[in-house]
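Values reported hereafter were calculated over all heavy atoms of this structure, with side chains retained and with hydrogens, waters and symmetry mates removed. First listed ligand is number 1; within each ligand, the first listed atom is number 1.
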Amino acid sequence: MSPLRKKSTYRVAVVGATGAVGTEMIEVLEERNFPVEVLLPLASSRSVGGTVTFRGEDIPVQLLTKDSLDKIDIALFSAGADVSREYAPIAAEQGAVVIDNSAAWRMDPNVPLVVPEVNRDDLTRHKGIIANPNCSTIQMVVALKPLHDQARVKRIVVTTFQSVSGTGKEAMDELMEECKDLLSFKEPTPKVYPYQIAFNCLPHIDDFLPSGYTKEEMKLVHETRKIMGDESIQITATTVRVPVYVSHSEAVNIETERKLTAHEARAVLSAAPGVLVFDDPSRKLYPMPLDAAGKDVVYVGRVREDGSIPHGLNLWVVADNLRKGAALNAVQIAECLVQ
Ligand SMILES: NC(=O)c1ccc[n+]([C@@H]2O[C@H](COP(=O)([O-])OP(=O)(O)OC[C@H]3O[C@@H](n4cnc5c(N)ncnc54)[C@H](OP(=O)(O)O)[C@@H]3O)[C@@H](O)[C@H]2O)c1
């Protein structure tokens, strides 16, 4: 397992190339003109026979096997944790650097968990596998790291409003089908979610733990501490699935060691990489999922001082979960490796 050998162009595999994230990865690689020599789209037997389009060319989707990743330089994985657990070590052993979107490796102490705007230096200690954080974590840390550097964030209380694309393409289809059914006075039949998601909100993302929290909520706790490099930050989360197609929104309350006014926080965030402050209530300007969909930046609005504690702030943070929350962050990691 060696670091990436610098070349002018790279052989790139996308594992899960037909999924919601994989499709976006291929688009982002093309848009950002990543130096791709060969693109290898891999998926399950369900997709063999189909193609993906890259730089105007239709490329056949191939079945992922133990031999597929031989001679690959960079493997972008987004086919779920089971696939990553089985195939990422094989790819790394064969000389590829794996950038994995699943939860399989994120909390492994030997695997860096990276958001380039926050902790790109952690990439230097990779051993062949690099983890991409959970979508809801990425957008939160992009917004909070600059405030942490300025005033030290002691505590975070976050509530998320997460789109169905965060669950994948079948969930996007389910929302559409349920809307069609309901508008034709038919009873919807949920398959992906335990209840109807159309015109509803589910305070349930990923499995419940004995503590009563969900795994998604605990990802926000553990991943944020690992990426920010500060185990002392106190974090509590409630994650909610909402009937939105793309973009997650988050109501974030923070308590800082040093006082930051709302004005100072806006100034710090305006200068921060990857953040766009969109905050003018007098003109009804605040970020919404529809604004963020298809965009690369993390939007921050509704910045207010929390009068209930001495050093508190409230923020509303919105980003495209398929781009900054997944595909874009993974490609940005790849860009750091080849720079
Ligand atoms: N959606 C998000 O916002 C988001 C954000 C961050 C991380 N992630 C993570 O990214 C991963 C993929 O999510 P997604 O939303 O893109 O899901 P998705 O739309 O359901 O796509 C899953 C992809 O994985 C492929 N796949 C499934 N089983 C496979 C197997 N045994 N061998 C090879 N390929 C297989 C599928 O291929 P077929 O089409 O052939 O079945 C498809 O290309 C998950 O680990 C998820 O947690 C998602």
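Every atom of ligand 1 is numbered from 1 in the order shown, and the set under 4.0 Å from a heavy atom of Leu322 is 1 (N), 2 (C), 3 (O). Applying the 4.0 Å criterion to heavy atoms of Ala326 picks out, from ligand 1, the atoms 5 (C), 6 (C). Of all the atoms in ligand 1, the ones that sit under 4.0 Å from a non-hydrogen atom of Gly325 are 5 (C), 6 (C). Each of the atoms 5 (C) of ligand 1 lies under 4.0 Å from some heavy atom of Cys135. Within ligand 1, the atoms closer than 4.0 Å to a non-hydrogen atom of Ser165 are 1 (N), 2 (C), 3 (O), numbered from 1 in the order shown. Close approach of ligand 1 to Ser47 (heavy-atom distance below 4.0 Å) involves ligand atoms 38 (P), 39 (O), 40 (O).
Using a 4.0 Å cut-off between charged nitrogen and carboxylate oxygen, Glu177 and Lys191 do not count as a salt-bridge pair. Taking 4.0 Å as the cut-off between side-chain N and carboxylate O, Asp173 and Lys169 do not count as a salt-bridged pair. Between Asp207 and Lys215, at least one side-chain nitrogen of the basic residue sits less than 4.0 Å from a carboxylate oxygen of the acidic one, meeting the salt-bridge criterion.
No N or O atom of Gly22 sits closer than 3.5 Å to an N or O atom of ligand 1. Taking any N or O of Ser102, backbone or side chain, none lies under 3.5 Å from an N or O belonging to ligand 1. Checked by distance only, ligand 1 and Lys169 come closer than 3.5 Å through their nitrogen or oxygen atoms. Geometrically, ligand 1 and His248 share no nitrogen or oxygen pair separated by less than 3.5 Å.
Side-chain atoms of Glu170 never come within 3.5 Å of backbone atoms of Val192 as a donor-acceptor pair (strictly under, hydrogens ignored). Of the possible polar contacts, none joining the Thr256 side chain to the Lys259 backbone as a donor-acceptor pair under 3.5 Å is found. Formation of a donor-acceptor pair under 3.5 Å by the Ser165 side chain with backbone atoms of Tyr245 is found in this model. Between the Arg241 side chain and the Ser163 main chain, a donor and an acceptor come within less than 3.5 Å of each other. Using modelled atom types, no side-chain atom of Asp100 and backbone atom of Arg85 make a donor-acceptor pair closer than 3.5 Å. Ser47 places no side-chain N or O within 3.5 Å of a backbone atom of Gly50 that could act as its donor or acceptor partner. Remark: the backbone N or O of Ala265 is not paired with any side-chain donor or acceptor of His263 at under 3.5 angstrom.
Of the protein's heavy atoms, Gly80 CA, 3.2 Å lies nearest to atom 45 (O) of ligand 1. Atom 16 (O) of ligand 1 has its closest protein heavy atom at Val21 N, 2.8 Å. With respect to atom 3 (O) of ligand 1, the closest heavy atom belonging to the protein is Asn321 ND2, 3.0 Å. Nearest to atom 28 (N) of ligand 1 among the protein's heavy atoms is Arg46 NH2, 3.7 Å. Among protein heavy atoms, the minimum distance from atom 17 (O) of ligand 1 is reached at Gly168 CA, 3.9 Å. Considering only non-hydrogen protein atoms, atom 7 (C) of ligand 1 sits nearest to Asn101 O, 3.3 Å. When hydrogens are left out, the protein atom nearest atom 21 (O) of ligand 1 is Gly19 CA, 3.1 Å; that is the closest non-hydrogen contact. When hydrogens are left out, the protein atom nearest atom 39 (O) of ligand 1 is Thr18 OG1, 2.7 Å; that is the closest non-hydrogen contact.
Checking atom 47 (O) of ligand 1 against the protein gives no heavy-atom contact under 4.0 Å.
Partners of Pro210 by side-chain contact (heavy atoms from CB on, under 4.5 Å), not counting sequence neighbours: none found.
Which of Ala43, Gly16, Ala104, Ala79 comes nearest to atom 33 (C) of ligand 1 through a heavy atom is settled by distance: it is Ala43. Residue nearest to atom 12 (C) of ligand 1, selected from Gly50, Ser78, Ala20: Ser78 (by heavy-atom distance).
Using a 30° and 60° split on the angle between ring planes, Tyr10 and Phe34 fall in the tilted class, from 30° to 60°.
Once rounded to the nearest 0.5 Å, the distance linking CE of Met288 with CG of Asp291 reads 4.5 Å.
Here Ala17 has backbone heavy atoms under 4.0 Å from ligand 1, and that is the only part of it that gets that close.
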